[in-house]
Number of protein chains: 2
Amino acid sequence: MSDPQGQPGTPRPQIPEATVGRLPLYHRALISMHQGGNDTVSSEQLAEMAGVNAAKVRKDLSYFGTYGTRGVGYDVEALLGEIRSDLGLTSEWKCVLVGVGNLGTALISFAGFRERGFHVAAAVDVDPDKVGTRIGELVVAPQSSLETMVRDEGIAIGIISTIPAAAQEVADELGRCGVRSILNFAPTVIEAPEGVLIRNVDLASELEILAFHDQRRSSARDRRPAV
Amino acid sequence: MSDPQGQPGTPRPQIPEATVGRLPLYHRALISMHQGGNDTVSSEQLAEMAGVNAAKVRKDLSYFGTYGTRGVGYDVEALLGEIRSDLGLTSEWKCVLVGVGNLGTALISFAGFRERGFHVAAAVDVDPDKVGTRIGELVVAPQSSLETMVRDEGIAIGIISTIPAAAQEVADELGRCGVRSILNFAPTVIEAPEGVLIRNVDLASELEILAFHDQRRSSARDRRPAV
DNA sequence: CTCCGCTAGTGCATTCATTCACAAAGCCGG
DNA sequence: CCGGCTTTGTGAATGAATGCACTAGCGGAG
């Protein structure tokens, strides 16, 4: 409603990044609500399930339109539909995984991806020993076939689980093949190719952050003044 | 969570969470600088390597004290030492992994953890078929032995890679055993036990966020007005 | 000893995100 | 049909994070 430049024809509300990051939480919560047979859900309940507060839920959802009824709550089915469509989950997303190491292997058969609409449709590796290996239903292909597979299968997302040293080159190649989004597990900073969006997941970093806080709590305890 | 009364005697600079999240990036960058034999590094270089801007680097580092020399840069070794000590990486952190599924198995032997000072010292599962299985040097133990292992080995960090339905219970149990930090891979919200810090990593969410942006870019393109 | 070039450190303005608090709706019971 | 209860949707206030732009201070050349 408060669209600054009310351009007719381009009603882009421009969702804040923090809100985008919470959509998956709401998505999960709504799925569980829906499976539980609930027709409506209040912002309070959603907040509880998503681990945030109710005001945030309401503001976040308001960016997408009016899906709630005052005095009642949100229509679970309608809201779920909206979020699924925003996330583009109306059809399955195909992904290609590059780097079939320890982690890569696990990611290929990771159930969580499939359950949420993502399918690792191809996996490649530079190591000739790995090419041809079967992992679940998938056969590892040579890295040289990357471009063909991406184009033929209509793959939009790349997953990098190579060693750090190879990550930038792989990202560039994925970009050239027409992949528009990359999830990078290699612990290194990648410069995004033109038009490609990258998200980084560094598992060790997560532990380091936990360690930092733990460290802090301990040392605070140690030097607590004996009042 | 807030610490309103600034007790004299506890000079805690209180590091912003956003800064904490970037420490691992700086840490990585400094390790690589150090291995490259560099003695000093400028905020500009660090920024480049960490994928952030220079002002942010300087502000972040300033919370920890004065490790730079104007006109010169930061002393790589001193700064690396400071960050390692802040992250508590002066000695190895022992972790226990709960839930030896697909992902769990990969995490146990994930090289990235060990390289950065984390060691999965124990792994447990409820499934009797999995107990006794060898993964690398580790033998999967029954979940009932969790408490013993945590106490005997001095484990401070728990990693949850169970199914979502089991996650809360596992977290509670970890809390009881004295684990103070948890890295949760189960796609569900966990209520943190008293005194325990939880970080969530939801791999499917990461893909959903990518999908959201991709979706948005595409539909913006579609409805671009033909001026 | 002085001056110049360079870079850390930081106050300030701005932008982004969270939270509060309340008015606008909708439902239901009487 | 009305009045009370509930819950959304949203201005406005607050707080956190970012980025700019300037100052302070070091090292090295002359």
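Protein chains get the first letters and strands the later ones, always in sequence-line order, with residue 1 at the start of each. Side chains are part of it too, since the values below use all heavy atoms of this structure and drop only hydrogens, waters and symmetry mates.
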Practice task
Would you confirm whether Gln168(A), through its side chain, and Glu191(A), through its main-chain N or O, come within 3.5 Å as a donor-acceptor pair?
Solution key: yes
Problem - d(CZ, Phe64(A); C1', dT10(D)) in whole Å - result: 17 Å
Handout entry: Distance-minimising heavy-atom pair for Arg58(A) and Ser43(A)
Key = NH1-OG, 3.1 Å
Problem - Separation of atom CZ in Arg70(B) from atom C1' in dG27(D), rounded to whole Å - result: 14 Å
Handout entry: 5' priority, DNA chain C, between Asn53(A) and Val41(B) [closest heavy atom]
Key = Val41(B)
Exercise for the section: May I have the distance from Leu61(B) (atom CG) to dG9(C) (atom P), rounded to whole angstrom? Expected result: 8 Å
Handout entry: For atom CZ of Arg58(B) and atom P of dG11(C), their distance in whole Å
Key = 14 Å
Practice task
Write down the distance between NZ (Lys59(A)) and P (dG9(D)), rounded to a whole number of angstrom.
Solution key: 12 Å
Problem - Leu210(A) side chain reached by Leu183(B) side chain, heavy atoms, under 4.5 Å - result: yes
Handout entry: Nearest listed nucleotide, side chain of Pro16(B), among dA17(C), dT10(C), dA17(D)
Key = dA17(D)
Practice task
Return no unless some side-chain N or O of Arg22(B) is found under 4.0 Å from OP1 or OP2 of dT18(D).
Solution key: yes
Problem - Salt bridge present between Asp86(A) and Arg216(B) (N-O < 4.0 angstrom) - result: no
Exercise for the section: Have a look at Gly68(B) and say if it touches a base, only the backbone sugar-phosphate, or nothing, with a 4.0 Å heavy-atom cut-off. Expected result: sugar-phosphate
Practice task
Kindly point out which of dC27(C), dG19(D), dA17(C) is positioned nearest to the side chain of Val72(A)?
Solution key: dC27(C)
Handout entry: Value in whole Å for how far the P atom of dA25(C) lies from OH of Tyr74(A)
Key = 15 Å
Exercise for the section: State whether Tyr63(B) places a side-chain N or O below 4.0 Å from either non-bridging phosphate oxygen (OP1 or OP2) of dA17(D). Expected result: no
Practice task
Figure out the CD1/P separation between Ile15(B) and dT18(D), and round it to whole Å.
Solution key: 14 Å
Practice task
Pick base, sugar-phosphate or nothing for Thr66(B), based on heavy-atom distances below 4.0 Å to the nucleic acid.
Solution key: sugar-phosphate
Exercise for the section: For Tyr67(A), answer base if it contacts any base atom (sugar-phosphate contacts may also be present), sugar-phosphate if it contacts only those atoms, and nothing otherwise; contact means non-hydrogen atoms under 4.0 Å. Expected result: sugar-phosphate
Problem - Among dG25(D), dT8(D), dG26(C), the nucleotide that comes nearest once only the side chain of Ser43(A) is considered - result: dT8(D)
Practice task
Kindly check if the number of other-residue, nucleotide or ligand heavy atoms within 6.0 Å of CD (Glu153(B)) is above 12?
Solution key: yes
Exercise for the section: Using heavy atoms to find the nearest nucleotide of DNA chain D for Ala18(B) and Gly71(A) separately, return the residue whose nucleotide is more 5′. Expected result: Gly71(A)
Practice task
Would you kindly give the NZ-to-P distance between Lys56(B) and dT10(C), to the nearest whole Å?
Solution key: 19 Å
